[in-house]
Amino acid sequence: MDWIFEEWNGNTAHARALQQRLATQVRIQDELPPLRLIAGLDVGFEDQGRITRAAAVLMDAATHQPLAESLVRMPTIMPYIPGLLSFRELPALLQALSALPQIPDLLMVDGQGIAHPRRLGVAAHLGVVTDLPCIGVAKSRLVGIYDPLGDEPGDQVPLLDSSGERLGTVLRTKRRCNPLFISPGHKLSVDTATALVQGQVTRYRLPEPTRLADRLASQRNGCQSVLQHAI
DNA sequence: GCGACAG
DNA sequence: ATCTTGTCGC
């Protein structure tokens with residue numbers, strides 16, 4: 001259990017088995033408590049990947065304004081392996097989340113939710129571990145099939161399992177930009193997750209929470225605060 | 001066996 | 001993800 005957060009022992013079979021057990025705890029539901037605070041989360045790297053940086057940005061859900069932010073750095077514990085991303089990023093993400101001054105009502109993570117080979121993408125894993133509503137906002141596809149989608153912002157098509165099961169939504173948020181792959185991580189449904197993401201999109205491809213977290217976690221353009229009054 | 005493959 | 005300049009288009 002904790003072995004994977006300590007020192008990566010190369011046992012991918014064990015990691016996959018753990019994912020299958022945790023996927024059992026993912027809850028997909030329509031009801032969602034009133035939300036005032038959303039946290040956007042993302043991870044970046046420094047020193048050629050040896051250092052992992054995780055950023056969390058606390059947002060006012062209604063105004064899209066950042067209220068607080070946190071940035072943590074720690075040694076990278078394992079390499080990137082498709083399907084096992086959460087084990088690589090979760091430790092840092094949990095630290096960044098706990099460093100926020102308040103507990104958010106909803107999390108939006110850069111990566112997949114249940115649109116994953118074993119239904120436990122990083123957003124689903126983080127949701128189960130924290131027991132908070134969580135949405136996966138990925139910039140590209142890991143699994144699933146989908147039909148071509150329109151060019152207008154708001155256009156969307158379902159992301160399906162090979163057996164036709166609904167995994168998420170392929171959503172166009174901006175013209176001439178590749179679509180986003182939205183999937184529930186925990187405590188919400190595909191439709192709720194999609195609507196909530198759309199509600200946080202302004203003029204950019206990414207919804208504000210993950211857009212700001214991405215900006216903060218990224219090594220490029222230095223480590224700038226995303227808080228307005230901080231400039 | 002061959003390709004696909006979040007970040 | 002990250003290494004990197006200019007460049008095409010709104």
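Heavy-atom basis, side chains included; hydrogens, waters and symmetry copies ignored. Below, chain A is the first sequence line, B the second, and so on; all start at residue 1.
- The local environment of CZ in A:Arg16 is crowded, with over 12 non-hydrogen atoms from other residues, nucleotides or ligands closer than 6.0 Å.
- Two residues are said to be in side-chain contact when any heavy atoms from C-beta on lie closer than 4.5 Å; A:Pro101 and A:Leu67 fail this criterion.
- Heavy atoms of A:Val122 sit under 4.0 angstrom from at least one base atom.
- Contacts of A:Glu89 with the nucleic acid, taken as non-hydrogen atoms under 4.0 Å apart, involve only primed sugar atoms and P, OP1 or OP2.
- A close approach under 4.0 Å does not occur between any side-chain nitrogen or oxygen of A:Arg141 and OP1 or OP2 of B:dA6.
- Rounded to an integer number of Å, the gap from CG of A:Leu126 to C1' of B:dG7 is 15 Å.
- Between the CG atom of A:Leu90 and the C1' atom of B:dG7 there is a distance of 13 Å, given to the nearest Å.
- Nucleic acid contact class of A:Gly83 (heavy atoms, under 4.0 Å, all strands): base.
- Between A:Ile51 and A:Phe45, the closest side-chain pair of non-hydrogen atoms is not below 4.5 Å.
- The stretch residues 180-211 of chain A has no heavy atom under 4.0 Å from DNA chain B, so no residue of it qualifies as close.
- What separates CG of A:Asp110 from C1' of B:dA6 is a distance of 8 Å, to the nearest Å.
- Of the residues A:Thr192, A:Leu37, A:Leu196, the one that meets the side-chain contact (heavy atoms from CB on, under 4.5 Å) test with A:Leu106 is A:Leu196.
- Protein atom CG of A:Asp42 is 8 Å distant from nucleotide atom C1' of B:dG7, rounded to whole Å.
- At a threshold of 4.0 angstrom between heavy atoms, the contacts of A:Gly49 with the nucleic acid are absent.
- As rounded to whole Å, 8 Å separates atom C1' of B:dA6 from atom NE2 of A:His116.
- In this structure, CG of A:Leu120 is placed 16 Å from P of B:dG7, rounded to the nearest angstrom.
- The side chain of A:Ser140 places an N or O atom within less than 4.0 Å of a non-bridging phosphate oxygen (OP1 or OP2) of B:dG7.
- Looking at A:Asp30 and A:Ser189, their side chains do bring a donor and an acceptor atom within 3.5 Å of each other.
- Of the side-chain N and O atoms in A:Lys174, none sit less than 4.0 angstrom from OP1 or OP2 of C:dC10.
- Checked against A:Glu89 for a side-chain contact (heavy atoms from CB on, under 4.5 Å), the options A:Val43, A:Leu126, A:Ile77, A:Thr52 give a single hit: A:Val43.
- Rounded to whole angstrom, the span from the CD atom of A:Gln112 across to the P atom of B:dC5 amounts to 11 Å.
- For the pair A:Ile51 CD1 and B:dG7 C1', the computed distance is 17 Å after rounding to whole Å.
- Closest approach to the A:Arg176 side chain among C:dT2, C:dC10, B:dG7 is made by C:dC10 (side chain taken as heavy atoms from C-beta onward).
- For A:Lys139 and B:dA6, the shortest distance from a side-chain N or O to OP1 or OP2 is not below 4.0 Å.
- If you run side chain to side chain donor-acceptor pair (under 3.5 Å) between A:Gln19 and each of A:His14, A:Arg118, A:Arg119, only A:Arg118 comes through.
- Annotation: ring pair (Phe, Tyr, Trp, His ring centres under 6.0 Å) contacts involving residues 67-122 of chain A, sequence neighbours excluded, comprise A:Phe87-A:His125.
- Using a 4.0 Å heavy-atom distance criterion, A:Arg88 is classed as a base contact.
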